[in-house]
Each structure stands twice: as C-alpha cells, then as structure tokens.
Amino acid sequence: GKSTMSASDIAMNGGHPWTFYYNSIRNATLFIQKVDKSVLSDEEKASSKLQARFLRALYYAELYRWYGGVVLLGDEIISPTDLDRSRSTAEATVDYIVSELADVASQLPLEWDAPNYGRATKGAAEAFLARVYLYNKNYEEALKYARNVINNYGYSLAEDYSDLCD
C-alpha cells in the first residue's frame, strides 16, 4: 500500500515523536548544564542557555500536541529509555511550557546581528506563547501575545499566502 510521510516524520528521521523529542529535551538540558565549562564568554553562555531553554520548551510543546500531559523533567537528566514515569496533567504541562517561554522571552533580544540570524528572539518566544495559548483555547492570551508580536517586533502576516509556496 501507499504510505505517507509528514514533515514531522522527516525531522525525526523516521523515529517515534516521543523518543525524538525526549532525546532533544535531554540534549538541551545537557547543554544547559555543561555550557558553563566551555570557553565561551559569560554573555555567550547566558545567551546559549536561553536558546536551549527556548528549544526545550518547543520540544515539550510538540510533545503536548501529540500526547497531552507528558513527563516533565525540568533540569533532570535521565536516559531516553528511562521514561517509565507518571505523566503530568495537561494543565501542568501547559503551565511549564508557558512559564519557560515567558521567562526566556523576557530575556531574549528583539533581534540578532547578521552572523546570529535565526536564533530565538523575544518575538519568536512570544509567538510560540500565542500558539500554546491558542491551541489551549485561551484566546484572550493568544490574541494579546500575537498582537504584541505583530505590533511591536516588526513581524507581519503574509498578505498573499500563495507567496509562501513559491
């Protein structure tokens, strides 16, 4: 029979989302814990930790989209196969994601210089906050963050969505 593949499947190299995202969460947490031993400047270390926390929150958000409440590890490092633990409630999972995104958003820059283009920004973190709120039917908060991103950070919606497919 004919099978289909989504963008998520490609990003996970054919792996299971649970395994892929928990491996990614583990890697982000390992980075956060070990970057202080690197030769980076203190400023680069702090910035890199924010980037890793941003990514970790996104990985949790994706897990939440797939499964609802998930195992929240915080800064704990465990083996990717040691996930036989109680899952948090959906509410606790969303609260963790929102807390992490809001905290990093408060510390991320509005933009990066050219060599650092593509790193997480305050606007990106707040856009993902809007998305988390939207997916959880908290429309007031979703609208607040989406409007803030559009009105204050130089982002906009595409005027013609067909242009996105060129």
Side-chain angles (χ1 to χ4, degrees), residues 6-8 10-12 17-18 20-33 35-36 40-76 87-165:
S6 71
S8 295
I10 294 166
M12 291 180 269
W18 185 270
F20 172 80
Y21 287 117
Y22 274 107
N23 278 331
S24 299
I25 288 166
R26 182 177 191 274
N27 289 339
T29 303
L30 279 168
F31 178 85
I32 291 165
Q33 291 184 2
V35 72
D36 284 335
L40 296 173
S41 71
D42 288 346
E43 183 179 321
E44 290 170 317
K45 289 174 186 176
S47 173
S48 295
K49 285 181 187 180
L50 289 173
Q51 300 295 312
R53 287 180 59 207
F54 172 81
L55 290 172
R56 186 171 63 181
L58 296 188
Y59 301 144
Y60 274 116
E62 285 302 304
L63 280 168
Y64 174 77
R65 259 185 358 107
W66 282 82
Y67 304 106
V70 297
V71 177
L72 294 173
L73 301 173
D75 289 326
E76 184 180 1
R87 288 167 54 170
S88 297
T89 64
E91 182 180 3
T93 301
V94 170
D95 287 348
Y96 177 81
I97 295 164
V98 164
S99 174
E100 281 292 284
L101 287 173
D103 189 50
V104 298
S106 73
Q107 300 175 68
L108 285 168
L110 293 176
E111 61 186 9
W112 291 94
D113 58 6
N116 292 298
Y117 181 80
R119 291 183 181 225
T121 61
K122 180 179 188 77
E126 288 192 8
F128 276 103
L129 269 169
R131 179 179 172 189
V132 170
Y133 283 126
L134 179 66
Y135 285 3
N136 287 281
K137 299 182 170 90
N138 186 338
Y139 302 120
E140 187 175 314
E141 287 296 305
L143 182 60
K144 177 180 97 175
Y145 280 101
R147 278 192 175 146
N148 194 46
V149 168
I150 291 169
N151 293 336
N152 297 312
Y153 304 143
Y155 296 96
S156 63
L157 297 175
E159 295 205 12
D160 184 353
Y161 291 108
S162 66
D163 291 342
L164 300 175
C165 301

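Note that the structure is predicted; figures quoted are calculated from it, not measured.
Closest of all the heavy-atom pairs between V149 and G123 is CG2-O, 3.5 Å. Minimum interatomic distance between I32 and A52 (heavy atoms only, all atoms of both residues): CG1-CB, 3.6 Å. Taking every heavy atom of both residues into account, T93 and G68 meet most closely at CG2-O, 4.3 Å. Of all non-hydrogen atoms in V104 and A125, the two that sit nearest each other are CG2-CB, 4.3 Å.
More than 12 heavy atoms of other residues, nucleotides or ligands shown are found within 6.0 angstrom of CD on Q107. Atom CD of E91 has 12 or fewer neighbouring heavy atoms from other residues, nucleotides or ligands inside a 6.0 Å radius.
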Check the pair V132 / L101 against side-chain contact (heavy atoms from CB on, under 4.5 Å), numbers first and verdict last.
-> CA-CA 10 Å; V132 170; L101 287 173; 4.3 Å; yes
May I have the step-by-step check of side-chain contact (heavy atoms from CB on, under 4.5 Å) for Y135 and Y64, ending in yes or no?
-> CA-CA 10 Å; Y135 285 3; Y64 174 77; 5.6 Å; no
Before giving the answer on side-chain contact (heavy atoms from CB on, under 4.5 Å), spell out for F31 and N27 the whole-Å C-alpha distance, their side-chain angles and the decisive distance to 0.1 Å.
-> CA-CA 6 Å; F31 178 85; N27 289 339; over 6 Å; no
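When atom types are taken as modelled, the side chain of K122 and the backbone of A105 share a donor-acceptor pair closer than 3.5 angstrom. In this structure, the side chain of W112 engages the main chain of A120 through a donor-acceptor pair within 3.5 Å. Here the side chain of S47 pairs no donor or acceptor atom with the backbone of E43 at under 3.5 angstrom. For S24 (side chain) and F20 (main-chain N/O), a donor-acceptor pair under 3.5 Å exists by modelled atom type. Formation of a donor-acceptor pair under 3.5 Å by the N136 side chain with backbone atoms of N138 is not found in this model. Without hydrogens or angle criteria, Q33 side chain to D75 main chain gives a donor-acceptor distance under 3.5 Å.
Contact of the L143 side chain with the Y133 side chain is not registered, since no non-hydrogen atoms from C-beta on lie closer than 4.5 Å. Put simply, the side chain of V70 does not reach to within 4.5 Å of the side chain of Y96, judged on heavy atoms. Contact of the D95 side chain with the V98 side chain is not registered, since no non-hydrogen atoms from C-beta on lie closer than 4.5 Å.
Summarising the geometry, atom CG belonging to L58 is positioned 9.5 Å from atom OH belonging to Y21; distances are rounded to the nearest 0.5 Å. The CZ atom of R147 sits 12.0 Å away from the CG atom of N152 when rounded to the nearest 0.5 Å. One distance of note links CG of L129 with CD1 of I97; it measures 10.0 Å at 0.5 Å rounding.
Using cut-offs of 30° and 60° for the angle between ring planes, the F54 and F128 rings count as perpendicular. Under the 30°/60° scheme for interplanar angles, the aromatic rings of Y153 and Y155 are found to stand perpendicular.
Note on E100 versus K49: no salt bridge recorded, every NZ/NE/NH1/NH2 to OD/OE distance being 4.0 Å or above.
In this structure, a donor-acceptor pair under 3.5 Å is absent between the side chains of R56 and Y60.
In summary, of the residues considered (L63, L72, L30), a side chain to side chain contact (heavy atoms under 4.5 Å, CB included) with I25 occurs for L63 alone.
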